[in-house]
Amino acid sequence: MEVTNKYVTVKTHIDGSAPQESDFELKTAALHLSVEPGSKDVIVKNLYVSIDPYQINRMKRVCSSQKLVSTADGITPGQAISAHGLGRVVASGNPEFEKDDLVVGLINWEEYTIVKGGNTLRKLDPMGFPLSYHLGVLGLSGLTAYAGFVEVCKPKKGEKVFVSAACGSVGNLVGQYAKLFGCHVVGCAGTKQKVELLKGKLGFDDAFNYKEETDLKSTLKRYFPDGMDIYFDNVGGKMLEASVANMNPFGRIAVCGIISEYTGIGERAAPDMIDIVYKRLKIQGFLVIDYLKGMDDFISTMSNHLSTGKIHVLEDISQGVESISSAFVGLFQGDNVGKKVVKVADE
């Protein structure tokens, strides 16, 4: 059987600017839904794909991250873009996967993906939860938040925690985890509606709209008069600078993302190194791939929290492969609330 496979690609490298929808192109190619004899390839009908800001660094002509991690390698204009996602097997030469199996792993921004050898896939047990959860709260976004907060920040009950981009796919979960640990949590976001969501449904102790603040150092001093013990950084730039200035001695900073610096158009700021030395601060960058061995334990813990209502889910789902480019561009405009995914096909 042959199908017409729609896929999204970049027309050219994106350097020094925020992505625009005009940077992307929807292409089609004929695809045979069968596997050659002797091949271990797996063909997946994609159901959901993850939309993540780090992909912009893969779209640049040159970025240091492209050489450091295989999943962050550069994207060649005109080719399909690999991404985390999930789908259903339609054909398999790998004995570990059978037709109709649900799988999650590295696929592409397209309707069907040929996964060479099936090496980047694992079988998925939905456990009664919506499939989209397995890209967000039960997927890599959830593990990123959990590992970054628990393993990097090492929180203690009563500590004061600040989370930037707190309505994003990772930030909203970090704040909720912090409350489960008995911490005092303040988050920031870019709209009044998001601020109210943080203080209401998600249970943050307080929150503010960073776009309404002209002096971030003073703002954080206002919300943390006794200083901050933990900062979970999703944005970098001036927010990191202001946070370092307000950290308590022996504070911990987990650097998960620096979206304010990804596009090269924001003003870069440097934290006060004297503060870092004399406060004996720990600043650690981390990647979720460092914690994949703990995925099963994480899923067990998180599924229990979901079942008991201790964690609320924030999802932002667009429909159809045609919406992938606008969904991605929207990340850099603050459009998403929670985990951004695109539903490519019906389950």
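Quick caveat, the model's predicted, so the values are computed rather than measured.
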Stepwise side chain to side chain contact (heavy atoms under 4.5 Å, CB included) check, Gln284 with Val255: CA-CA 6 Å; Gln284 180 179 336; Val255 184; over 6 Å; no

Ring centers of Phe232, Phe162 separated by less than 6.0 Å: no

Heavy-atom side-chain proximity of Leu306 to Tyr133 below 4.5 angstrom: yes

Carboxylate-amine/guanidinium proximity below 4.0 Å for Asp73 and Arg58: yes

Linked, directly or transitively: Met228 and Val163 (ILVMFWY side chains, under 4.5 Å): no

Whether Asp206 side chain and Tyr223 backbone form a donor-acceptor pair below 3.5 Å: no

Side-chain (Glu2) to main-chain (Leu31) donor-acceptor, under 3.5 angstrom: no

Heavy-atom donor-acceptor pair, Ser50 side chain to Val341 backbone, under 3.5 Å: no

Candidate pair Gln79 and Tyr7, rule side-chain hydrogen bond (donor to acceptor under 3.5 Å, both in side chains), full reasoning: CA-CA 9 Å; Gln79 294 186 354; Tyr7 65 98; over 6 Å; no

Minimal non-hydrogen separation, Phe286 against Ala254, with atom names: CE2-CB, 4.0 Å

Electrostatic pair Lys199:Asp205 at N-O distance under 4.0 angstrom: no

Heavy-atom pair of closest approach, residues Phe204 and Asn172: CE1-O, 4.2 Å

Side-chain (Asp233) to main-chain (Leu240) donor-acceptor, under 3.5 angstrom: no

Lys11, NZ atom: more than 12 neighbouring heavy atoms under 6.0 Å: yes

Asn46 and Thr113: side chain donor to acceptor below 3.5 Å: yes

Enclosure of Gln333 CD (heavy-atom neighbours >12, cutoff 6.0 Å): yes

Nearest heavy-atom neighbours spanning Asn57 and Ser65: CB-OG, 3.7 Å

Charged N-O contact under 4.0 Å between Asp346 and Lys343: yes

Backbone N/O of Met239 and side chain of Lys217: donor-acceptor pair under 3.5 Å: no

Aromatic plane relationship, Trp109 with Phe24 - under 30° parallel, 30 to 60° tilted, over 60° perpendicular: tilted

Tyr54 and Asp52 side chains, donor-acceptor separation under 3.5 Å: no

Neighbour count >12 (heavy atoms, 6.0 Å) for atom CG, Leu68: yes

Glu315-Ser132 side chain donor-acceptor pair, cut-off 3.5 Å: yes

Side chain Lys279, main chain Ile276, donor-acceptor under 3.5 Å: no

Straight-line distance of Ile253 CD1 to Ile230 CD1, nearest 0.5 Å: 10.5 Å

Short side-chain to backbone donor-acceptor contact, Asp215 and Ser218, under 3.5 Å: yes

salt_bridge(Arg252, Glu159) N-O dist < 4.0 Å: yes

Closest non-hydrogen atom pair between Glu21 and Ser325, with its separation: OE1-OG, 4.3 Å

ILVMFWY cluster, Ile114 and Val104 together (side-chain gap under 4.5 Å): no

Parallel, tilted or perpendicular, as decided by the 30° and 60° cut-offs, for the rings of Phe328 and Phe332: perpendicular

From Arg122, Met127, Lys123, residue fulfilling side-chain contact (heavy atoms from CB on, under 4.5 Å) relative to Asp125: Met127

Ring geometry between Tyr146 and Phe298 (parallel below 30°, tilted from 30 to 60°, perpendicular above 60°): tilted

Shared hydrophobic cluster, Val90 / Val42 (ILVMFWY, side-chain heavy atoms < 4.5 Å): no

Heavy-atom closest contact (Ala189 atom, Leu198 atom, distance): CB-CD1, 4.2 Å

Distance-only polar pair, side chains of Glu213 and Asn209, donor-acceptor under 3.5 Å: no

Side-chain touch Ser92/Val35, heavy atoms, less than 4.5 angstrom: no

Note: Lys60-Asp15 ion pair, threshold 4.0 Å (strictly below): no

Asp23 (side chain) donor-acceptor with Gln20 (main chain) under 3.5 angstrom: yes

Residues, nucleotides or ligands: over 12 heavy atoms within 6.0 Å of Lys192 NZ: no

Polar side-chain atom of Asn94 near backbone of Asp41 as donor-acceptor pair, under 3.5 Å: no

Residues forming a salt bridge (charged side-chain N to carboxylate O under 4.0 Å, His left out) with Glu322, sequence neighbours excluded: Lys6

Output field: ring centroids Tyr177/Phe149 closer than 6.0 Å: no

Main-chain N/O of Ser164 paired with Asn234 side-chain donor or acceptor, under 3.5 Å: yes

Side chain to side chain donor-acceptor pair (under 3.5 Å) partner of Lys340, chosen from Ser141, Ser169, Ser318: Ser318

Residue Glu96 excluded, over 12 heavy atoms near CD under 6.0 Å: no

Within 6.0 angstrom of Lys179 NZ, more than 12 heavy atoms from elsewhere: yes

Nearest heavy atoms of Gly118 and Phe97, plus distance in Å: O-CE1, 3.7 Å

